[in-house]
Amino acid sequence: MNNTEQPKAIVVIFGATGDLANRKLYPSLYKLFNKDKLSKDFAVVGVARRPLSSEEFRQNVKDSINETLKKTQNLEEFSSHFYYHPFDVTNRSSYLELKDLLYELDHTYKTEGNRIFYLAMAPEFFGTIASQLKEEGLTNTDGYSRLVIEKPFGHDLPSAKQLNEQIRQAFTEDQIYRIDHYLGKEMVQNIEVIRFANAIFEPLWNNRFISNIQVTSSEVLGVEDRGRYYETSGAMRDMVQNHMLQMVSLLAMEPPIRLTTEEIRSEKIKVLRALRPIPEHDVKNFFVRGQYDAGEINDKPVPGYRNENSVDPQSNTETFVAGKLLIDNFRWAGVPFYIRTGKRMKVKSTKIVVQFKDIPMNLYMKKEEDKVQNPNLLVIHIQPDEGITLHLNAKKSGQNMQTTPVKLDFCNNCTDGFNTPEAYEKLIYDCLRGDATNFTHWDEVGLSWSFTDPISKVWEQQIETDFPNYHAGTMGPKASDELLEKDGYHWWPINDLEQ
Ligand code: BG6
């Protein structure tokens with residue numbers, strides 16, 4: 001794919017006054033514009049219920065960019081490409097008016113009929129909008145029509161299937177771009193490169209040399225103002241079904257035969273197919289759930305989950321999940337992949353720790369207690385720090401033959417500073433260029449739900465009497481540590497692993 005391409009298109013954003021559009025989409029489009037990655041032939045049409053003029057909308061766009069980014073320039077020119085269309089999702093005439101506006105803009109900006117419909121709004125309308133766009137002829141142009149969909153993509157497998165079928169009546173699979181913003185993160189994209197461009201890792205990347213892999217994505221924030229959504233979702237649907245399983249599939253996939261969208265996706269799909277399903281009676285042995293209680297974060301008291309806005313005071317919703325995944329294929333048989341994610345934890349951090357097996361014999365062991373080796377670890381820092389650290393053993397200096405752990409560090413965002421492109425910037429650019437590699441294929445979505453559904457089902461049927469079971473500002477419930485301890489492992493502490 002060409003990175004200097006300047007795609008021409010109209011981007012129609014449904015949910016144009018919403019949080020996602022303001023915080024992520026406008027700043028990302030703006031960065032692309034300033035990096036000359038958008039041709040001058042582009043227009044953005046904001047669509048939402050609220051009655052606004054295009055002038056007012058442009059002002060909102062400028063405000064949100066000024067709030068999000070430190071330095072701005074060319075804002076007037078950029079925002080002059082923005083138009084607003086007040087819209088009622090269920091009203092036919094709204095679509096017809098939008099259609100006229102798009103024809104007009106097509107002509108003004110010579111966008112060659114290329115259209116991106118970005119659904120950044122409540123998921124209950126995804127299906128209706130997709131079908132209406134087709135029915136009213138908005139997708140019928142000389143150029144391309146693409147549909148970008150934010151999560152949640154369904155609530156479980158049956159609802160996701162239903163949504164998919166509805167969307168597929170209007171858009172083909174290759175026109176659908178399902179966003180998982182983790183796939184736009186620089187270091188998540190780097191997993192493949194670290195694995196497949198280094199002779200020293202790939203030969204070791206299997207069950208003969210790796211003892212376990214740990215993927216942590218911890219957040220300090222609570223549910224904020226999203227209590228209503230989160231109550232129906234919980235950490236399993238919010239983070240595990242998508243972001244966590246996507247990272248696991250990139251870590252575990254076979255090398256693709258080519259770096260094409262189809263080949264990469266097909267390798268990831270194979271991993272998800274090889275995930276060992278967890279039978280209902282075994283859920284408690286493989287998965288742990290948690291819910292935060294009040295606690296302290298940065299020396300400030302914060303409320304428990306059950307006291308957050310729009311949350312049931314008896315809520316059974318999990319805000320933390322830890323789990324052990326097994327991948328039943330030749331490469332990974334016997335290697336546990338541990339995942340954990342939660343809100344109101346001690347640090348904001350996404351990290352992958354690959355723990356290598358111990359060497360067969362420790363020559364430097366003097367006493368019985370030295371038996372504990374420092375295993376080699378490869379740590380992939382996804383955020384906020386970006387980089388990799390390799391933990392090795394070297395000689396302690398002086399007159400001895402003792403070992404000491406040392407680290408080889410590469411920091412990706414140290415030199416580039418804040419220049420690492422934001423996930424959304426990359427993903428929007430990919431979509432404009434028609435590269436769907438870093439979007440999730442329906443098969444991935446479906447297989448991920450198949451894996452998580454039985455666990456969610458058990459949890460919904462059983463009221464967790466232990467909730468809340470971890471204090472805000474900690475690394476989750478004790479049971480999460482025990483999950484690894486019973487296999488003879490422990491979570492590598494996130495703080496010690498910080499560079
Ligand atoms: C979103 C979840 O998909 O990812 C949020 O809905 C979560 O609940 C967010 O906070 C985490 O993303 P990031 O990029 O901050 O790790």
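Throughout, numbering of the chain's residues begins at 1 and tracks the sequence. Computed over heavy atoms, backbone and side chain alike; hydrogens, waters and symmetry mates excluded. Remember, it's 1-based here, ligands and their atoms both numbered in the order they're listed.
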Do L25 and I13 have side chains that approach each other closer than 4.5 Å (heavy atoms only, starting at C-beta)?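 In short, these two side chains touch, coming nearer than 4.5 Å.
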
Please confirm whether Y230 comes within less than 3.5 Å of ligand 1 when only nitrogen or oxygen atoms on both sides are compared.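 N/O-N/O distance under 3.5 Å: no.
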
Residues [X], [Y]: salt bridge by 4.0 Å N-O rule:
| X | Y | value |
| --- | --- | --- |
| K270 | E267 | yes |
| E444 | K268 | yes |
| R237 | E318 | no |

At a 4.0 Å threshold, what atoms of ligand 1 neighbour a non-hydrogen atom of [X]?
| X | answer |
| --- | --- |
| K343 | 5 (C), 7 (C), 8 (O), 10 (O) |
| K348 | 13 (P), 15 (O), 16 (O) |
| K151 | 1 (C), 2 (C), 3 (O), 6 (O) |
| D238 | 2 (C), 5 (C), 6 (O), 8 (O) |

So which heavy atom in the protein is nearest atom 10 (O) of ligand 1, and how far is it from that ligand atom?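 Ranking protein heavy atoms by distance from atom 10 (O) of ligand 1, first comes E219 OE1, 2.6 Å.
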
Applying the side-chain contact (heavy atoms from CB on, under 4.5 Å) test to H181, which of H243, E422, E150 qualifies?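 Of H243, E422, E150, side-chain contact (heavy atoms from CB on, under 4.5 Å) with H181 is met by H243 alone.
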
According to side-chain contact (heavy atoms from CB on, under 4.5 Å), who are the partners of T260, at least two apart in sequence or on a separate chain?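 Expected list: R258, E262, E263.
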
Against ligand 1, does Y182 come closer than 4.0 Å with any heavy atom?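 A heavy atom of Y182 does come that close to ligand 1.
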
Out of M239, R226, K185, H181, whose heavy atom is nearest to atom 5 (C) of ligand 1?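 The nearest heavy atom belongs to R226.
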
